[in-house]
Structure formats: C-alpha cells, structure tokens
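Take a look at the structure set out below.
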Amino acid sequence: MFTKKGDAAVLAKLGDVPAPYREIGERLHRIIRKSAPSLEPIVRWGLPFYVRNGKDVCYIKPDKDFIAFGFGEDVNPAQEEGAHMHPVAWTFTSLDDATESKVRALVTKAVA
C-alpha cells in the first residue's frame with residue numbers, strides 16, 4: 001500500500017477527477033479540513049482519506065458519474081439508535097449549501 005500524506009497530495013488526486021466532480025471533491029475537502037482540522041489527509045489506494053490516530057474517519061471516492069463521500073468502519077456519525085439500517089456513504093452529483101451544512105455537521109460529529 002502506497003500512501004501520500006497532506007493537503008497537496010489529496011488536492012492533486014482530486015485534480016485528476018473530471019469536472020464537475022472535481023469541484024465537488026475539492027469543496028468536500030475544504031469542508032472536512034475546516035470542520036475537522038485535526039484529521040490527517042492522505043491518499044491511499046488511490047482515494048483521499050482523512051484519518052485520526054491511524055484510523056479512517058472519512059473518505060472521498062470519485063467515479064465517472066458522481067463523487068462519493070463516506071465514513072470508515074470505526075465511526076459512523078449518521079448511525080441512529082434503534083435503526084436497523086445505517087448510512088455510511090453518500091453519492092453527490094451536485095453540492096448545495098444545505099447539503100454542505102449536513103456534511104459539515106456529520107464530520108464535526110465524527111470527530112467530537
């Protein structure tokens with residue numbers, strides 16, 4: 001497994017993503033970094049991950065038709081008590097202010 005660390009590595013990887021998903025990925029990166037500056041951005045397995053103490057907190061996964069954002073196995077801020085099914089990843093084809101606010105709240109909760 002080859003890992004590159006830092007904002008520059010993640011932004012370079014997101015720079016390879018076709019528009020408009022590149023812009024969504026870069027925006028997600030800014031949301032994550034601003035909401036959880038303690039997370040370390042890395043590129044592993046060709047994907048941007050954000051880790052704390054060596055454990056994956058969240059990631060961005062580009063595709064040709066969307067960009068996905070999700071959480072690692074150790075933390076799931078979207079889990080609801082009593083629910084039988086829990087979301088761990090979402091796909092984006094656009095990113096509006098309301099959705100950005102939801103992402104920011106989930107990332108903040110994940111690192112609380």
Side-chain angles (χ1 to χ4, degrees):
M1 165 179 65
F2 181 69
T3 302
K4 293 182 180 180
K5 297 181 179 186
D7 291 305
V10 166
L11 290 171
K13 188 63 183 175
L14 292 171
D16 294 338
V17 177
Y21 307 116
R22 175 184 332 113
E23 290 84 6
I24 296 170
E26 290 169 349
R27 194 167 166 189
L28 287 169
H29 173 76
R30 287 191 302 273
I31 293 166
I32 295 163
R33 295 298 286 146
K34 193 176 265 191
S35 302
S38 64
L39 296 180
E40 179 183 18
I42 65 170
V43 175
R44 183 178 356 110
W45 300 307
L47 300 177
F49 281 85
Y50 300 83
V51 301
R52 180 173 55 190
N53 300 326
K55 296 188 180 206
D56 298 339
V57 174
C58 56
Y59 63 89
I60 299 171
K61 180 181 180 187
D63 188 85
K64 67 179 180 69
D65 297 319
F66 59 85
I67 196 157
F69 168 75
F71 290 94
E73 296 176 13
D74 293 326
V75 60
N76 182 356
Q79 186 170 342
E80 296 177 15
E81 191 170 325
H84 298 281
M85 193 165 112
H86 308 282
V88 293
W90 297 263
T91 56
F92 295 90
T93 54
S94 64
L95 184 57
D96 62 11
D97 291 339
T99 306
E100 179 178 318
S101 181
K102 289 178 186 178
V103 170
R104 185 177 292 109
L106 286 169
V107 171
T108 301
K109 185 177 177 183
V111 296

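Every value quoted in this text rests on a predicted model; they were computed, and no experiment measured them.
Across all their heavy atoms, Asp63 and Tyr21 have their closest contact at O-CD1, 4.2 Å. Shown here for Val111 and Ser35, the closest heavy-atom pair between the two residues is CG2-O, 4.5 Å. Contact detail for Pro48 and Leu14: the closest heavy-atom pair is CG-CD2, 4.0 Å. Summarising the geometry of Ala110 relative to Val75, their closest heavy-atom pair is O-CG2, 3.6 Å, with the distance given to 0.1 Å. Scanning all heavy atoms of the two residues, the minimum distance from His29 to Pro41 falls at CE1-CB, 4.3 Å.
The shortest distance between side-chain heavy atoms of Leu95 and Ile67 does not fall below 4.5 Å. Using a 4.5 Å heavy-atom threshold, the side chains of Ile32 and Ile60 count as touching. Considering only heavy atoms from C-beta on, Arg33 stays 4.5 Å or farther from Val10 through its side chain. Put simply, the side chain of Phe71 does not reach to within 4.5 Å of the side chain of Tyr50, judged on heavy atoms.
A distance of 13.0 Å separates NZ in Lys102 from CD1 in Ile31, rounded to the nearest 0.5 Å. Summarising the geometry, atom CG belonging to Leu106 is positioned 9.5 Å from atom OG belonging to Ser101; distances are rounded to the nearest 0.5 Å. Note that CZ of Phe66 and NZ of Lys61 are 7.0 Å apart. Values are rounded to the nearest 0.5 Å. To the nearest 0.5 Å, atoms NZ (Lys13) and CZ (Arg44) are separated by 13.5 Å. The distance from the CD atom of Glu100 to the CG atom of Leu28 is 8.5 Å, given to the nearest 0.5 Å. A distance of 11.0 Å separates CG in Asp56 from CD in Glu40, rounded to the nearest 0.5 Å.
Under the side-chain contact (heavy atoms from CB on, under 4.5 Å) criterion, Ser94 pairs with no residue at all, not counting sequence neighbours.
Comment: Asp97 engages Arg27 in a salt bridge, judged by a side-chain N to carboxylate O separation of less than 4.0 angstrom.
Heavy atoms from other residues, nucleotides or ligands lying under 6.0 Å from CG of Asn53 number 12 at most.
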*asked:* Using side chain to side chain contact (heavy atoms under 4.5 Å, CB included), reason through Val107 and Phe69 one step at a time and then give a plain yes or no.
replied: CA-CA 11 Å; Val107 171; Phe69 168 75; 3.8 Å; yes

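Side-chain heavy atoms closer than 4.5 Å link hydrophobic residues (I, L, V, M, F, W, Y) into clusters, and following such links, possibly through other members, connects Ile42 to Leu47.
A distance-only check finds no donor-acceptor pair linking the side chain of Arg52 to the backbone of Leu39 [under 3.5 Å]. Judged by distance alone, the side chain of Lys4 and the main-chain N or O of Ala9 form no donor-acceptor pair under 3.5 Å.
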